[in-house]
Number of protein chains: 2
Amino acid sequence: MEKAIEALSRKGPSGTEVADWIRSQIRASRFVPGQRLVEVDIIRKTGGSRFKVREALQRLAAEGLVEIEEYRGASVKGASMSEIRQLYRSRAALEGLCAADFTRIATQAQRDRLRVITQDMERCIDEGSTEMFGKLNAEFHTMLMQVPGNDVIQDLVKRLNTPVHHLLFESFYRGDRMREAVADHWRIVEAIDAGDCAAAEREMRRHIENGHRVLEALDQAMHHDG
Amino acid sequence: MEKAIEALSRKGPSGTEVADWIRSQIRASRFVPGQRLVEVDIIRKTGGSRFKVREALQRLAAEGLVEIEEYRGASVKGASMSEIRQLYRSRAALEGLCAADFTRIATQAQRDRLRVITQDMERCIDEGSTEMFGKLNAEFHTMLMQVPGNDVIQDLVKRLNTPVHHLLFESFYRGDRMREAVADHWRIVEAIDAGDCAAAEREMRRHIENGHRVLEALDQAMHHDG
DNA sequence: GCTGACGAAATTGTTGACAATATTGTAGCT
DNA sequence: AGCTACAATATTGTCAACAATTTCGTCAGC
């Protein structure tokens, strides 16, 4: 009964909820770069009012995820290869710092958890479970950022990642990317356990730059195919 | 004549222009943290319609510069000391990377310009022209970011700076901050001229962390005074 | 067949009015 | 005086209608 009332009195999604929905669509590549985001379509699919949809688009424009042109509306802003390079370099700097901080302050339990994650990732390669590999990879990186407790960096990295998020799983299929990534992770873990902040930072940067290189190769392959 | 027509047909400021205006007010400390941003006030002062003002506030909320509460409107979001620390650490990581990149790719003319700026800053201290010192300091940091050409980092740093921008000039009056800053700059310049990327990065980080320490002292002094 | 003008349809921009909520002021009571 | 309840005001949230602009299809003319 109360649920029914709640359902009836339930207003449509808020501006931020609509924005989150659009973001998720972009991350899942259901909205691709260049695609126009027509207001009525989003209204139909989210149930939000036009007002809230526009609100959401404004926020996303401020984040740089969509582009709004006068009388032409919003469209998904794709990152050029040059921008992607810049995103990755920024990420490398920020996550590198986190790795160094993690090395300084992490507890033994937290360091152990990193090892377990990396071991599980290795197993995922053998079992071919790419999706789980992706989740563990995310957990690895998230943990390194969460422990130092710098929310600003976490937020920045999340934003930097959104425009290329949909390419992540593609990259895992590229050559030996998964094995390479695990090898990178091991090097990071070793540096952390050795208490070597500088090495942890250096390895993390290298790891992320490697990820960028794979994206570049992927891009070239796509252009080559057609 | 044409100008008159242009002025007459001139619509009110766009959403981004209103947002820029609010940002500038915050940077100039005419809007202080916690202050409520009442829509009609902004409408009166900017000439923008209510729609555009709300648009602007949404964008600023996405940037994290203002906070919007249901039925209570927008207010300037002040950064806590802990957040300021996080902002500075992020800046240190990003600008550190730029310093290293600058060292790699800058031309001789660009390196010379850095020296000239730093010399001028020294003169400003003797002449007591704090404002000019601030401008030169900004040019120094901007140049180090512009030459590597990473627009993403430049944008991030600008955003990270906004919440503390109004404290910059205060910090210059604090103790020997100006002399310290110039000393830091000299060390950065030396590392760059020596072609030592790692040193340039290290010195830039130290420089920014020093800036943070001054803000911390400033904060404590304020709390001490009352 | 192609081009350009023209107009209908689609889409976004803007405004104003009204609803929902918070804030402030006031009166009455203890 | 201090407190609560209630009314008045101020402020923000929402919506629907209308204006401005682009986009797309159509058709005449060459």
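The analysis underlying the following values was restricted to heavy atoms, covering all of them including side chains, and did not include hydrogens, waters or symmetry mates. For clarity, every value in this text was computed on a predicted model and none was experimentally measured.
Atom pair B/Arg44:CZ and D/dT11:C1' shows a separation of 12 Å (rounding to whole Å applied). Whole-Å rounding puts the A/Phe51 CZ to C/dG16 C1' distance at 13 Å. The separation between A/Glu70 atom CD and D/dA19 atom P is 18 Å, rounded to whole Å. One atom, CD of B/Glu55, and another, P of D/dT14, lie 16 Å apart when rounded to the nearest Å. The distance from atom NZ of A/Lys52 to atom P of D/dG13 is 11 Å, rounded to the nearest whole Å. Whole-Å rounding puts the A/Tyr71 OH to C/dA9 P distance at 21 Å. When the P atom of C/dT11 is taken as reference, atom CD of A/Glu69 falls 16 Å away, rounded to whole Å. In this structure, A/Glu39 atom CD and D/dT21 atom C1' are separated by 13 Å, rounded to whole Å.
Checked options B/Gln58, B/Lys77, B/Arg23; the residue passing with B/Glu63 is B/Arg23 (criterion: side chain to side chain donor-acceptor pair (under 3.5 Å)).
For B/Asp41, the CG atom sits in a packed shell: over 12 heavy atoms of surrounding residues, nucleotides or ligands are nearer than 6.0 Å.
Checking C/dG13, C/dT11, D/dT12 against every side-chain atom of A/Val38, the shortest atom distance belongs to C/dT11. In this structure, of D/dG13, D/dT11, C/dT12, it is D/dT11 that holds the atom nearest to the side chain of B/Arg36.
Note on B/Ser49: a side-chain N or O is less than 4.0 Å away from OP1 or OP2 of C/dT15. OP1 or OP2 of D/dT23 lies within a sub-4.0 Å distance of a side-chain N or O belonging to A/Arg72. Between D/dG13 and B/Arg54, a contact under 4.0 Å exists linking OP1 or OP2 to a side-chain N or O.
When all heavy atoms of B/Thr162 and B/Lys158 are compared, the closest pair comes out as OG1-O, 3.0 Å. Closest of all the heavy-atom pairs between B/Leu144 and B/Ala99 is CD2-CA, 4.3 Å.
The residue among A/Arg50 and B/Asp41 whose nearest nucleotide of DNA chain D lies closer to the 5′ end is B/Asp41.
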Could you go through the salt bridge (Lys or Arg N to Asp or Glu O under 4.0 Å) check for B/Arg177 and B/Glu180 one step at a time?
CA-CA 5 Å; B/Arg177 177 58 195 148; B/Glu180 273 179 34; 3.5 Å; yes
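Nucleic acid contact class of A/Leu37 (heavy atoms, under 4.0 Å, all strands): sugar-phosphate only.
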